[in-house]
Protein chains: 2
Amino acid sequence: MEQRQKSELTKALILNESFKLFYENGFKTTSVDKIMKATKLTKGAFYHHYKSKKELGVEVISTHIQKRVYEGMIKPLYEEGNALELLENTFSGRLKSFSIYDKAHGCPMNNFINEIADEEQAYQIALKRIIEEWKAALVHLLERGQQEGSIIMTIAPKAIAIYLISAFEGVRGIRKLYNDDQILNDYMSGLSLYLTQLKA
Amino acid sequence: MEQRQKSELTKALILNESFKLFYENGFKTTSVDKIMKATKLTKGAFYHHYKSKKELGVEVISTHIQKRVYEGMIKPLYEEGNALELLENTFSGRLKSFSIYDKAHGCPMNNFINEIADEEQAYQIALKRIIEEWKAALVHLLERGQQEGSIIMTIAPKAIAIYLISAFEGVRGIRKLYNDDQILNDYMSGLSLYLTQLKA
DNA sequence: CATAAAACATACTAGCCGGTATTTTTTTAT
DNA sequence: ATAAAAAAATACCGGCTAGTATGTTTTATG
C-alpha cells in the first residue's frame, strides 16, 4: 500500500476506536494500550502517529465529535421551512434517532466537557469551537424566524440559543440515570411548549 | 477522644476531602492514596471505615452532594411567595452565588452523572434520588402556581420541571469552556424569558 | 539495487492504582 | 490493671499507566 494512504488509514483507525472507547468508558480511563489493542496494532504505532494521548484527545474532539454534532444538530438548522418547526424537528428528531447505546452513554461532547474541560485549555478550545458553531446556527435560524414574522420579536436569539443547547446537553446527561425514555419524553414536551411560546 | 466520636470525625474528614478532590479532579482520577494524603491519615484508616472506593463514592453522593443540591436548589422552592418569582430567584440566584472556583468546576452532581452514572447502578440510584427529589419540589411549586392562578394551566408541570433541571445542569457544564460569565448571563436571560411565558 | 525514511513491533521503565495482610496504637469494658 | 476490640499505620501485591528506547519491516527514491 502507498505510504501516505497507509498512514492516513492507521490514523483513522486509531481515531475511530478511541472515539468509541472514550464514549463508552470515558477519556481518562481509556488507556493508550486499550485503544491499540482495539486497533490490533501496537503502542509503537500509536506514538509514531501521535506525540501524546492529549494530542489524540484534541483530534478526536475537533474531527470526530465536531462532525457528529454538525451532522446531527447544526446542518439540519440550515434547511428551509418554518423556523420553529425546524427547531423542534431537529432537537426532538435527534433524540428519537438515538439507539439505546447512544441514550445510555449520553452526548460524547457533553461527556468530554464534563470530564476534562476544566483541566486543559487545549480541550477547552476544541470543545468551545463546536458549541460556538452550534450557537451561531441557532441564532441565525432564530433571526430568520423573526425576520419572516414567525417568531416573536421580544426574545433575544442568543439567549434562546444558549437555553436550547443547555437543556439538550443537560437531558442527555440526566437520561443516563434512567433505563427508560420517560425523561426524554418529558424533555420533548417541555421543549415543544417552549417553542410554541416563541410563536409570533 | 471518645471512640464513636473519633470514628465519625474521621469519616467526615474523609468525606469532605474526597468530595473536594472528586469535584476538582473527577472521581476516577482521584485515588484513595490522594484522598488519604489530604486527610493526613493512611490507607489503613480508609479501608477500616470503607470497604471500597465505590462505597465511598456512593456515600459522597448520597450525603454531601444530596445536601448541597437540597440546600441550594430544593429547599428555597418551598418558601412562600409568587411561584414564578421563586423559580427565577432560585435558579438565577444560585448561579450568581457561585465563586469562580464553583463556576470553573461545574455542578458536582452533573460531573458525577456524566462521568460514572453509566457504569455502575449503585451510583445511578444515588444520583437519581437527588434528581427525583428536585423534580418533585419543582412540580409541587408549579402546581401551586397553577392553583393560585399565577401560572398558565396549559403546561405540564413535570415537563417544565425536567426542562428547567436539564437547562440548569447543561449550562453548568458548558460554562467550563469559558473564562467569563457571558454564557451564564445568556442562560439567565433565556430562563427569565421562559418563565415570563408561563405567567397566567 | 542500494539507501534512506517512514511505519510499525518489542521490550522496557518508573510510578500509580485498588485492595489486602499484618502490626502497632488507642480506646473501652470489666 | 488487663483483656478485648476498635482505630490507624506499615508494608506489600499484581496489574495497569503514559511514555521511551531500540529494534524490524515496509515503502519511497536515487
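Chain letters run A, B, ... following the sequence lines, proteins first, then strands; residues in each count from 1.
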Student: If you compare every side-chain N and O of B/H49 against the phosphate oxygens of D/dA6 (OP1, OP2), does one of them come in below 4.0 Å?
Tutor: no

Student: May I ask you to say whether B/E148 pairs ionically with B/R144, meaning some side-chain N is under 4.0 Å from a carboxylate O?
Tutor: yes

Student: Do any side-chain nitrogens or oxygens of A/S52 fall under 4.0 Å of OP1 or OP2 in D/dA18?
Tutor: no

Student: May I ask you to decide whether A/E24 forms a salt bridge with A/K34, counting only side-chain N to carboxylate O separations under 4.0 Å?
Tutor: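 Result for this pair is no, no salt bridge flagged.
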
Student: Quick one: on DNA chain D, does A/T29 or A/G44 contact a more 5' nucleotide (nearest heavy atom)?
Tutor: A/T29

Student: What integer distance in Å separates A/Y47:OH from C/dT13:C1'?
Tutor: 13 Å

Student: Would you say the side chain of A/K43 and the base of C/dA9 hold a donor-acceptor pair, judged only by whether the two atoms sit under 3.5 Å apart?
Tutor: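 Answer is no: no donor-acceptor pair is held.
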
Student: Check whether any side-chain nitrogen or oxygen of A/S7 sits under 4.0 Å from OP1 or OP2 of C/dA6, and answer yes or no.
Tutor: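 Answer is no, no contact under 4.0 Å.
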
Student: Whether B/R129 and B/E133 form a salt bridge (side-chain N of Lys/Arg under 4.0 Å from carboxylate O of Asp/Glu) is what I want to check.
Tutor: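 No, B/E133 and B/R129 are not salt-bridged.
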
Student: Looking at B/H48, does any N or O in its side chain come under 4.0 Å of the phosphate oxygens OP1/OP2 on D/dA8?
Tutor: no

Student: Calculate the interatomic distance between A/L21 atom CG and D/dT17 atom P; express it in whole Å.
Tutor: 11 Å

Student: Rounded to the nearest angstrom, tell me the gap between atom CG in A/D33 and atom P in C/dT13.
Tutor: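 From A/D33 CG to C/dT13 P: 16 Å.
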
Student: Measuring to OP1 and OP2 of C/dC8, would you say a side-chain N or O of A/T42 lies under 4.0 angstrom away?
Tutor: no

Student: Measure CE/A/M36 against P/C/dT10 and give the value in whole Å, please.
Tutor: 12 Å

Student: Categorize B/K51 for me: base, sugar-phosphate, or nothing, with a 4.0 angstrom heavy-atom threshold over every strand shown.
Tutor: nothing

Student: Answer with base, sugar-phosphate or nothing: what part of the nucleic acid does A/K6 contact at a heavy-atom distance below 4.0 Å?
Tutor: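 It contacts sugar-phosphate atoms only.
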
Student: With sugar-phosphate meaning primed atoms plus P, OP1 and OP2, does B/K34 contact a base, only sugar-phosphate, or nothing at under 4.0 Å between heavy atoms?
Tutor: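 Since only primed, P, OP1 and OP2 atoms lie under 4.0 Å of B/K34, the category is sugar-phosphate.
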
Student: For A/I35 and D/dC16, what is the distance between atoms CD1 and C1' respectively, to the nearest whole Å?
Tutor: 14 Å

Student: Does the side chain of B/S99 come under 3.5 Å of the side chain of B/D102 through a donor N or O and an acceptor N or O?
Tutor: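 Indeed, the side chains of B/S99 and B/D102 share at least one donor-acceptor pair under 3.5 Å.
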
Student: Using whole Å, report how far NZ of A/K28 lies from C1' of C/dC17.
Tutor: 15 Å

Student: To the nearest Å, how far apart are A/L41 CG and D/dT25 C1'?
Tutor: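 So the two atoms are 14 Å apart, to the nearest Å.
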
Student: Do B/Y194 and A/Y194 make the cut of ring centroids closer than 6.0 angstrom?
Tutor: yes

Student: Does the ring of A/Y50 carry A/K11 above it, NZ/CZ under 6.0 angstrom from centre and within 45° of its axis?
Tutor: yes

Student: Using only heavy-atom distances, decide whether a donor-acceptor pair under 3.5 angstrom links the side-chain of B/K53 to the base of C/dG19.
Tutor: no

Student: Quick one: label B/T30 by what it contacts on the DNA or RNA (base, sugar-phosphate, nothing), any heavy atom closer than 4.0 Å.
Tutor: sugar-phosphate

Student: If only side-chain N and O atoms of A/S31 are considered, is one of them under 4.0 Å from the OP1 or OP2 phosphate oxygen of D/dT17?
Tutor: yes

Student: Could you give the OH-to-C1' distance, from B/Y50 to D/dA8, as a whole number of Å?
Tutor: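 It is 15 Å, rounded to the nearest whole Å.
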
